[in-house]
Amino acid sequence: DVKVTQSSRYLVKRTGEKVFLECVQDMDHENMFWYRQDPGLGLRLIYFSYDVKMKEKGDIPEGYSVSREKKERFSLILESASTNQTSMYLCASSFVIGGNEQYFGPGTRLTVT
Amino acid sequence: GESVGLHLPTLSVQEGDNSIINCAYSNSASDYFIWYKQESGKGPQFIIDIRSNMDKRQGQRVTVLLNKTVKHLSLQIAATQPGDSAVYFCAVASGGSYIPTFGRGTSLIVHP
């Protein structure tokens, strides 16, 4: 079974802190994604990566950056956390060829106070 | 770009009934359609997919119907069980893209 793991299920951070969210997948997928999920808004794509060291902005990249140094690991970075970044963050991975489903991690519930 | 919408944010059914969750999309070039299930406290999980060269696909207790003429797809769950209670998302991709557009989700509530 594909496994996508995220480093934390719950995080509480203070405004202005630098926050790292880690994601690891074990299926040798080329693509990795970061989404945030908010009530009534569904899943919104923050960043994605189709290869090591490659990254592309999604729909809402402002306030975030990413890092992909190894194929299996994709990190989301909040340079200076703000309260409006309180959300559920979901990592996903998939094969690079289009027309394949994404596999999601369990999510990280981030609260910024 | 693509927009994906669901007809109902919440659907309540009785255990044993059949459930139908609907989804509409805007891009006629869309060619890959996926349904995900998200249980409370978990990430979305793949249920079933369908490609544009098909109208219907069946899985275990689930059926996806695709109507390309009106750009509509539906997920049917037979004999709904309490364990089916979750939020269901449709996702749509086009042109071989590996980046789908997600709908906002329908919360399915199953009453015993």
Side-chain angles (χ1 to χ4, degrees), chain A residues 1-10 21 23-25 27 29-51 54-61 74 87-109, chain B residues 1-10 21 23-25 27 29-54 57 59 62 64 66 73 75 86-107:
Chain A
D1 276 353
V2 176
K3 198 164 186 181
V4 180
T5 57
Q6 296 183 228
S7 51
S8 304
R9 293 300 305 272
Y10 301 94
L21 302 182
C23 175
V24 177
Q25 51 94 5
M27 266 300 286
H29 284 164
E30 294 86 0
N31 298 332
M32 296 189 75
F33 308 81
W34 275 106
Y35 293 89
R36 64 177 283 176
Q37 183 176 28
D38 300 288
L41 296 178
L43 276 71
R44 292 183 291 168
L45 182 63
I46 304 171
Y47 267 98
F48 66 98
S49 169
Y50 54 88
D51 201 353
M54 305 304 290
K55 59 184 179 184
E56 294 286 344
K57 293 180 179 179
D59 300 319
I60 52 164
F74 192 34
S87 186
M88 170 69 82
Y89 289 88
L90 290 163
C91 175
S93 69
S94 71
F95 287 113
V96 70
I97 298 172
N100 285 282
E101 71 270 25
Q102 293 172 309
Y103 295 83
F104 284 85
T108 296
R109 172 74 65 184
Chain B
E2 175 75 81
S3 68
V4 179
L6 281 159
H7 294 185
L8 285 175
T10 304
I21 301 171
C23 186
Y25 61 97
N27 187 353
S30 297
D31 57 8
Y32 181 57
F33 309 86
I34 319 128
W35 283 99
Y36 290 92
K37 173 185 181 182
Q38 186 176 23
E39 296 174 281
S40 180
K42 298 182 179 180
Q45 185 177 20
F46 171 83
I47 303 173
I48 192 168
D49 59 1
I50 189 169
R51 300 183 193 276
S52 58
N53 60 351
M54 301 174 69
R57 192 171 186 208
V62 295
V64 56
L66 176 62
L73 71 156
L75 177 71
V87 177
Y88 290 81
F89 293 93
C90 65
V92 178
S94 59
S97 170
Y98 46 73
I99 306 172
T101 299
F102 284 83
R104 295 188 177 185
T106 288
S107 177

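Numbers restart at 1 for each chain; the letters A, B, ... are given by sequence-line order, proteins then strands. Just so it is clear, the model here is predicted, and its values are computed rather than measured.
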Response to the item:
Of all heavy-atom pairs linking A:Gln102 and B:Pro100, the shortest is OE1-CG, 3.4 Å
Worksheet item: Which atom names give the shortest non-hydrogen contact between B:Tyr32 and A:Glu101, and what distance separates them?
Response: OH-N, 3.3 Å
Do any side-chain atoms of residues 40-48 of chain B form donor-acceptor pairs under 3.5 angstrom with protein atoms, and if so which ones, sequence neighbours left out?
none

Worksheet item: With side chains defined as the heavy atoms from C-beta onward, is the minimum distance between B:Phe102 and A:Gln37 less than 4.5 Å?
Response: no
Discussion item. Whether the side chain of B:Arg104 engages the backbone of A:Gly40 through a donor-acceptor N/O pair (distance < 3.5 Å, no angle test) should be reported.
Written reply: yes
Item to complete: Tell me, for A:Arg9 versus chain B, whether the close heavy atoms (under 4.5 Å) come from the side chain, the backbone, both or neither.
Response: side chain
Fill in: Which portion of B:Tyr36 sits near chain A, non-hydrogen atoms under 4.5 angstrom
side chain
Response to the item:
One should read off an interatomic distance between A:Asp59 CG and B:Ile99 CD1, to the nearest 0.5 angstrom, of 9.0 Å
